[in-house]
Engineer: 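After the structure tokens below, expect a handful of questions from me.
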Amino acid sequence: MRIESLPQKRLIEAVSPYLKAIIPQASLEGRALCRSRRRGTLVSTIQLGLQQIIRFKRERSQESTERHYSDSYADTGVEAFDACLASTARSNPFKLGNESLLVLPPSGLYAAYLATLSDVVGQLKPSSVCEVGFGSGKNLIYLAPRFPDIPFCGYELTHEGVAVAKSLQERQSLPPNLAKLVGQNDVTAMEAVRRIDFRQGNAKCLSAPDKSFDLTFTVLALEQMWPILPQVLAEIRRVTCRYVVFLEAFREANDWLGYLNLLVRNYFRADLRMMQAAGFAPIALFRQLPLKHTHGVAMLVAEVVPAPSPNAKVH
Ligand SMILES: C[S@@+](CC[C@H](N)C(=O)[O-])C[C@H]1O[C@@H](n2cnc3c(N)ncnc32)[C@H](O)[C@@H]1O
């Protein structure tokens with residue numbers, strides 16, 4: 001199986017409605033920006049590392065993650081959630097390879113991620129898709145109208161995130177900023193959005209039977225699950241027949257500073273060897289995505305290696 005990466009021209013097209021500027025990294029401005037962001041990352045990494053040592057406790061337990069996201073989705077509601085996706089929201093420079101800095105609001109970053117994800121789904125042609133850790137559902141809402149014949153399902157830890165996703169389904173049309181990101185907002189698109197099966201559940205024990213989904217994906221969700229990652233990967237392997245797509249902070253997408261930053265924040269930082277050991281045979285790792293200066297992410301496309309049956313005889 002061969003999967004092509006989204007051509008850079010199409011990636012730039014996808015972010016263009018949000019793009020404030022493109023700065024060459026080799027320019028004076030580009031070099032100064034990269035240097036100051038890197039210095040900022042180094043300082044905050046050291047500060048956080050020292051705090052962890054002094055307090056003797058690791059960040060990001062599942063309880064603190066659940067509290068944090070429950071509060072943030074409860075506070076937002078649909079209107080505030082939509083405001084976060086505005087093209088006028090605060091923009092930041094994101095590195096694209098070693099060539100450019102794209103100045104984008106957070107929704108612009110998602111426009112790049114979702115165009116890449118949708119392109120991969122189009123190439124893999126799965127018969128069903130599940131997202132684990134869907135937040136308020138925008139990734140599934142982006143995909144569903146583009147692939148109206150595919151059944152989409154998702155799991156999210158927090159009741160509050162599920163509530164926002166379900167209230168989006170009940171609307172006549174998507175709120176304006178989400179509609180701009182999704183790029184479709186007519187009656188047919190809303191019908192596809194309403195067919196998404198949003199479920200509340202913990203990724204470490206999913207309610208779906210074995211091999212329920214042809215493809216399972218995560219977008220910056222495993223990053224929150226580092227303390228329970230082995231259980232989560234085993235569950236994803238159990239419920240998936242063929243493919244996984246993980247857009248996460250892989251070790252391969254980070255230099256020493258990015259890795260240190262992930263370590264002190266107790267974020268996902270697995271490498272491809274760990275993914276292979278968890279039963280996912282890599283097909284491709286796409287690294288040409290706009291990246292934060294704190295740490296890099298990449299999109300892994302992998303085939304699921306079926307787990308040995310517990311009743312299998314060993315000769
Ligand atoms: C950074 S957000 C990303 C949300 C969404 N994937 C997106 O791209 O907008 C991470 C999400 O993972 C969810 N999450 C964390 N731990 C989880 C778990 N054990 N099971 C299911 N979801 C979980 C959080 O509640 C949160 O909504």
Side-chain angles (χ1 to χ4, degrees), residues 5-25 27 29-30 32-34 36-37 40 72-73 76-122 131 134-147 164-165 168 171 173-186 189-190 193 217-221 223 245 247-249 253 286-299:
S5 67
L6 187 71
Q8 202 178 92
K9 190 167 159 269
R10 281 189 48 210
L11 190 101
I12 301 281
E13 268 166 29
V15 302
S16 63
Y18 298 97
L19 194 57
K20 305 287 184 262
I22 301 186
I23 305 169
Q25 281 185 44
S27 67
E29 188 189 1
L33 258 170
C34 287
S36 87
R37 296 281 159 148
S72 72
Y73 300 136
T76 57
V78 169
E79 268 64 39
F81 156 76
D82 195 56
C84 296
L85 296 176
S87 22
T88 49
R90 189 162 166 247
S91 293
N92 276 304
F94 296 100
K95 286 184 289 178
L96 188 61
N98 292 323
E99 304 93 51
S100 338
L101 291 166
L102 305 183
V103 183
L104 296 167
S107 40
L109 199 58
Y110 264 93
Y113 293 164
L114 289 169
T116 309
L117 176 64
S118 167
D119 187 61
V120 167
V121 171
E131 177 178 10
F134 64 71
S136 355
K138 64 176 174 303
N139 306 328
L140 288 167
I141 291 175
Y142 180 96
L143 291 173
R146 285 176 168 73
F147 302 97
V164 174
L168 288 165
R171 296 171 61 103
S173 59
L174 298 173
N177 298 315
L178 180 59
K180 177 172 174 178
L181 179 67
V182 171
Q184 304 187 27
N185 199 16
D186 58 12
M190 280 312 290
V193 167
F217 75 89
T218 65
V219 176
L220 309 181
E223 68 174 28
V245 179
L247 174 56
E248 302 288 347
F286 298 139
R287 297 170 59 170
Q288 276 298 94
L289 293 163
L291 302 181
K292 292 180 180 176
H293 289 257
T294 45
H295 64 272
V297 298
M299 184 177 284

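Note that the structure is predicted; figures quoted are calculated from it, not measured.
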Engineer: A side-chain contact here means heavy atoms from C-beta on lying under 4.5 Å apart; do M190 and N185 qualify?
Structural biologist: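 They are in side-chain contact.
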
Engineer: When rounded to the nearest 0.5 angstrom, what is the spacing between CG in L85 and OH in Y18?
Structural biologist: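 Rounded to the nearest 0.5 Å, the CG-OH separation comes out at 7.0 Å.
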
Engineer: Taking E131 for its side chain and T218 for its backbone only, find out whether a donor-acceptor pair lies under 3.5 Å.
Structural biologist: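 No, E131 side chain to T218 backbone: no donor-acceptor pair under 3.5 Å.
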
Engineer: Is it true that atom NZ of K20 has more than 12 heavy atoms of other residues, nucleotides or ligands lying nearer than 6.0 Å?
Structural biologist: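 Buried by this count: over 12 neighbours within 6.0 Å.
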
Engineer: What's the separation between atom OG in S107 and atom CG in D82, rounded to the nearest 0.5 Å?
Structural biologist: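 So the gap between those two atoms works out to 9.5 Å.
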
Engineer: Check whether any side-chain heavy atom of P24 lies under 4.5 Å from a side-chain heavy atom of S100, and answer yes or no.
Structural biologist: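 SC-SC contact between P24 and S100 ruled out.
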
Engineer: Quick one: does Y110's side chain get under 4.5 Å of L117's, heavy atoms only?
Structural biologist: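 No, too far: nothing below the 4.5 Å cut-off.
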
Engineer: For L33 and P93, which heavy atoms make the closest approach, and how far apart are they?
Structural biologist: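 Closest pair (atom of L33, atom of P93, distance): CD2-CG, 3.9 Å.
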
Engineer: Do H293 and C34 come within less than 4.5 Å of each other through their side chains, counting heavy atoms only?
Structural biologist: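 Heavy-atom side-chain distance check passes, below 4.5 Å.
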
Engineer: Side chains of K180 and S87, heavy atoms from C-beta outward: is any pair under 4.5 Å?
Structural biologist: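 Result yes, sub-4.5 Å side-chain heavy-atom pair found.
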
Engineer: Hey, are the side chains of L289 and L247 touching, using non-hydrogen atoms and a 4.5 Å cut-off?
Structural biologist: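 Yes, their side chains come closer than 4.5 Å.
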
Engineer: Could you check whether any side-chain heavy atom of Y113 comes within less than 4.5 Å of a side-chain heavy atom of L220, counting everything from C-beta outward?
Structural biologist: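 In contact.
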
Engineer: Report, as yes or no, whether the 6.0 Å neighbourhood of atom CG on D186 holds more than 12 heavy atoms from other residues, nucleotides or ligands.
Structural biologist: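 Result for CG/D186: enclosed.
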
Engineer: Testing the basics here: between E248 and E223, what is the closest heavy-atom pair and its distance to 0.1 Å?
Structural biologist: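 For E248 and E223, the tightest heavy-atom pair comes out as OE1-N, 3.1 Å.
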
Engineer: Nearest 0.5 Å, please: how far is CZ in F286 from CG in L11?
Structural biologist: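 Nearest 0.5 Å value for the CG-CZ distance: 12.0 Å.
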
Engineer: With rounding to the nearest 0.5 angstrom, report the CG to CD1 distance, L101 to I22.
Structural biologist: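 Answer rounded to 0.5 Å: 10.0 Å.
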
Engineer: For L181 and Y142, work out which heavy atoms get closest and say how close.
Structural biologist: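 Result for this residue pair: O-CE1, 3.3 Å.
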
Engineer: Using 0.5 Å steps for rounding, measure from the CZ atom of R287 to the CG atom of L96.
Structural biologist: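 Taking CZ in R287 and CG in L96, the distance rounds to 13.0 Å.
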
Engineer: Which heavy atom of V103 sits nearest to which heavy atom of S91, and what is that distance?
Structural biologist: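 Looks like CG1-CB, 3.9 Å.
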
Engineer: Counting N and O atoms only, with roles assigned by atom type, does the side chain of R146 sit under 3.5 Å from a partner on the main chain of D119, one being a donor and the other an acceptor?
Structural biologist: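 Not at all, since once roles are kept as given, no pair shorter than 3.5 Å links the two residues.
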
Engineer: Give the minimum heavy-atom separation between R90 and P106, together with the two atoms involved.
Structural biologist: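 Where R90 meets P106 most closely, the heavy atoms are O-CD, 3.4 Å.
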
Engineer: For the atom pair CD1 (I12) and CG (L19), what is the distance rounded to the nearest 0.5 Å?
Structural biologist: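 Here the interatomic distance stands at 6.5 Å.
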
Engineer: For V121 and F217, run side-chain contact (heavy atoms from CB on, under 4.5 Å): C-alpha distance rounded to whole Å, both residues' side-chain angles, the deciding distance at 0.1 Å, then the answer.
Structural biologist: CA-CA 10 Å; V121 171; F217 75 89; 5.8 Å; no

Engineer: Does the cation-pi check pass for K138 over F81, that is, NZ or CZ under 6.0 Å from the six-membered ring centre and within 45° of its axis?
Structural biologist: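 That pair does not qualify as a cation-pi contact.
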
Engineer: Less than 4.5 Å apart, side chain to side chain, heavy atoms only: is that true for L168 and V193?
Structural biologist: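 A side-chain contact is absent here, since even the closest heavy-atom pair is not under 4.5 Å.
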
Engineer: Write down the atom of A86, the atom of P105, and the distance for their closest heavy-atom approach.
Structural biologist: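 Nearest pair, atom of A86 first, then P105: O-CB, 4.0 Å.
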
